[in-house]
Amino acid sequence: MRRTVFNEDHEAFRETLRAFIEAEVVPVYDEWFAAGQAPRDFYYKLGELGVFGINVPEEFGGAGLETHKFEAIQYEETARAGVTFGGSGVHVLLALPYIKMLATDEQKKRFLPKFVSGEEMWAIAMTEPGTGSDLAGMKSTAKLSEDGTHYVLNGAKTFITGGVHADKVIVCARTAAPTAEDRRFGISLFAVDTRSEGYSVGRKLDKLGLRTSDTAELAFVDVKVPVEDLLGEENKGFSYLGANLPSERWGIAFGAYAQAKAAVRFAQQYVQERTVFGKPVAAFQNTKFELAACQAEVDAAEAVADRALEALDAGELTAAEAASAKLFCTEVAHRVIDRCLQLHGGYGYMNEYPIARLYADNRVNRIYGGTSEVMKMIIAKNMGL
């Protein structure tokens, strides 16, 4: 089946990115994996490459494009090479939409040039210990000072991707108590400088997968946040978070599809090279049938991911459609990667093989951005059930 989602400009970017990955990431990726994070200076290289500024207006140093297709290519190319770009994904896919949607012109002038260059890396802090997907249950607070010049932030966050290296964090906190009619009321968003007094990074969390992506616990003790760093309006944060969930879930869906596609590639290479009982593993009928079935699932996931990408770029991707794409692509990736690891035999369980890392990295896709169970609830509600 011929893909139509990418044009010549996208493919030229793909070639550039593939060469960059081969030169700058693959040779040192084992070091990143052992360290549990990518080095901070790597993000400057991504800034120089221009990947942070693709969707940033030209007046702030970006390319001024309005498309997620270059992000899609990054998902495909990093998965193809069996690597990740550390915690940089949250910088563009999660943080940037909030800055573009909510920041004032003055804030954009302060934030975006350093965002594009990688001088300031961004993360977003939503999840709190004990709340999980229930964002309305968050307990962190931001109280306006008596003189009205700043908010005083207190609380804790966990599972914050990019939290170790972040220079700025979009923190969700309560500026008012929830009402009896609406427990989602009272949440606001703030651009918090990580150098602020009272801001601290706790544990760098020891994860099953995504080992090169720094994930941390954060704590805020009487952190002063200038009123100029409120993003959007007070108490409307929950609606802002909901507005960006479709793009976040598309990213997870597309990334999962890309991982499944890469898994088939890794398995196909392995079974053609590996010999058992005097002949290549690829010669056995079971191997052919397994890979054929996996390829068929990847083809279907690619179609779903591409359709969601086109809808997202057109501004038409609904919450239910994004949930459906995420549910389908992540479940496909789960099945395909597991079967491709099986074809590697015992070596598939060794971290020196990319399929093992891919297996661990993929597992979280059915959890973060809303669990598969939450996706089913969204889809069912849209069906009128």
Side-chain angles (χ1 to χ4, degrees), residues 9-10 12-29 31-32 35-79 81 83-103 105-125 160-170 191-195 201 210 212-216 229 231 244 247-248 251 255:
D9 290 338
H10 300 129
F13 174 75
R14 185 190 301 278
E15 291 181 12
T16 299
L17 187 64
R18 187 174 294 183
F20 173 84
I21 291 170
E22 288 299 321
E24 300 289 344
V25 183
V26 172
V28 294
Y29 194 71
E31 297 173 19
W32 297 6
Q37 61 186 30
R40 179 63 178 83
D41 62 3
F42 172 67
Y43 299 129
Y44 290 107
K45 294 180 181 179
L46 288 178
E48 291 172 2
L49 189 64
V51 299
F52 293 154
I54 291 170
N55 293 331
V56 173
E58 293 183 55
E59 61 188 294
F60 304 115
L65 303 179
E66 288 293 337
T67 176
H68 289 79
K69 292 183 179 180
F70 294 96
E71 293 170 43
I73 290 171
Q74 290 178 57
Y75 285 123
E76 291 186 334
E77 290 304 308
T78 51
V83 302
T84 72
F85 280 170
S88 68
V90 71
H91 182 68
V92 174
L93 183 63
L94 298 190
L96 182 58
Y98 290 103
I99 300 173
K100 291 176 66 177
M101 177 176 69
L102 302 175
D105 288 342
E106 184 275 332
Q107 288 174 325
K108 289 177 181 176
K109 290 177 183 177
R110 282 194 287 129
F111 298 153
L112 288 176
K114 293 181 180 179
F115 179 101
V116 171
S117 68
E119 184 178 346
E120 287 187 348
M121 294 299 295
W122 287 65
I124 183 164
I160 308 307
T161 303
V164 174
H165 282 318
D167 303 287
K168 286 279 199 303
V169 177
I170 299 174
V192 179
D193 192 318
T194 62
R195 296 167 297 182
V201 178
L210 298 177
T212 64
S213 173
D214 56 296
T215 303
D229 289 342
L231 288 174
N244 280 319
S247 64
E248 177 183 352

Heavy-atom closest pair (Thr161 atom, Ser213 atom, distance to 0.1 Å) is CG2-OG, 3.3 Å
Do Thr78 and Phe85 pass the side-chain contact (heavy atoms from CB on, under 4.5 Å) test, and can you show the C-alpha distance, the side-chain angles, and the key distance before you say yes or no?
-> CA-CA 7 Å; Thr78 51; Phe85 280 170; 3.8 Å; yes
Could you check whether the rings of His91 and Phe52 sit parallel, tilted or perpendicular, using 30° and 60° as the cut-offs?
-> perpendicular
Supply the atom-to-atom distance Ser117 OG to Tyr44 OH, rounded to the nearest 0.5 angstrom.
-> 7.5 Å
What's the shortest heavy-atom distance between Ile21 and Ala81, and which atoms?
-> CG2-CB, 3.7 Å
Any chance you could measure Asn55, atom CG, to Leu96, atom CG, to the nearest 0.5 Å?
-> 6.5 Å
Steps toward side-chain contact (heavy atoms from CB on, under 4.5 Å) verdict (Leu17, Leu49) = CA-CA 9 Å; Leu17 187 64; Leu49 189 64; 3.9 Å; yes
Answer yes or no: is there an ion pair linking Asp229 with Lys168, defined by an N-O contact shorter than 4.0 Å?
-> no
Between Trp32 and Pro39, what is the shortest heavy-atom contact and its length?
-> NE1-CD, 3.1 Å
Considering all heavy atoms, the nearest Ala166-Val169 contact = CB-CG2, 3.8 Å
Phe70: partners by ring-ring contact (aromatic ring centres under 6.0 Å, His included), with sequence neighbours left out = His10, Phe13
Could you tell me whether Glu22 and Arg18 have a side-chain N and a carboxylate O separated by less than 4.0 Å?
-> no
Thinking salt bridges, do Arg40 and Asp167 make one under a 4.0 Å N-O criterion?
-> yes
Just how far is it from atom CG of Asp41 to atom CG of Leu46, taken to the nearest 0.5 Å?
-> 10.5 Å
Can you name the closest pair of heavy atoms from Tyr75 and Gly255 and give their distance?
-> CD2-CA, 3.8 Å
In this structure, CD1 of Ile73 is separated from NE2 of His68 (nearest 0.5 Å) by 13.5 Å
Closest non-hydrogen atoms of Phe115 and Ile99, given as atom of the first, atom of the second and distance, are CD1-CD1, 4.0 Å
Rounded to the nearest 0.5 Å, how far apart are CH2 of Trp122 and OG1 of Thr194?
-> 10.5 Å
CZ of Phe111 to CG of Leu231, rounded to nearest 0.5 Å, is 6.0 Å
Would you call Val116 and Phe60 a side-chain contact if the rule is heavy atoms closer than 4.5 Å?
-> no
Determine whether the side chains of Thr212 and Thr84 contain a donor N or O and an acceptor N or O closer than 3.5 Å.
-> yes
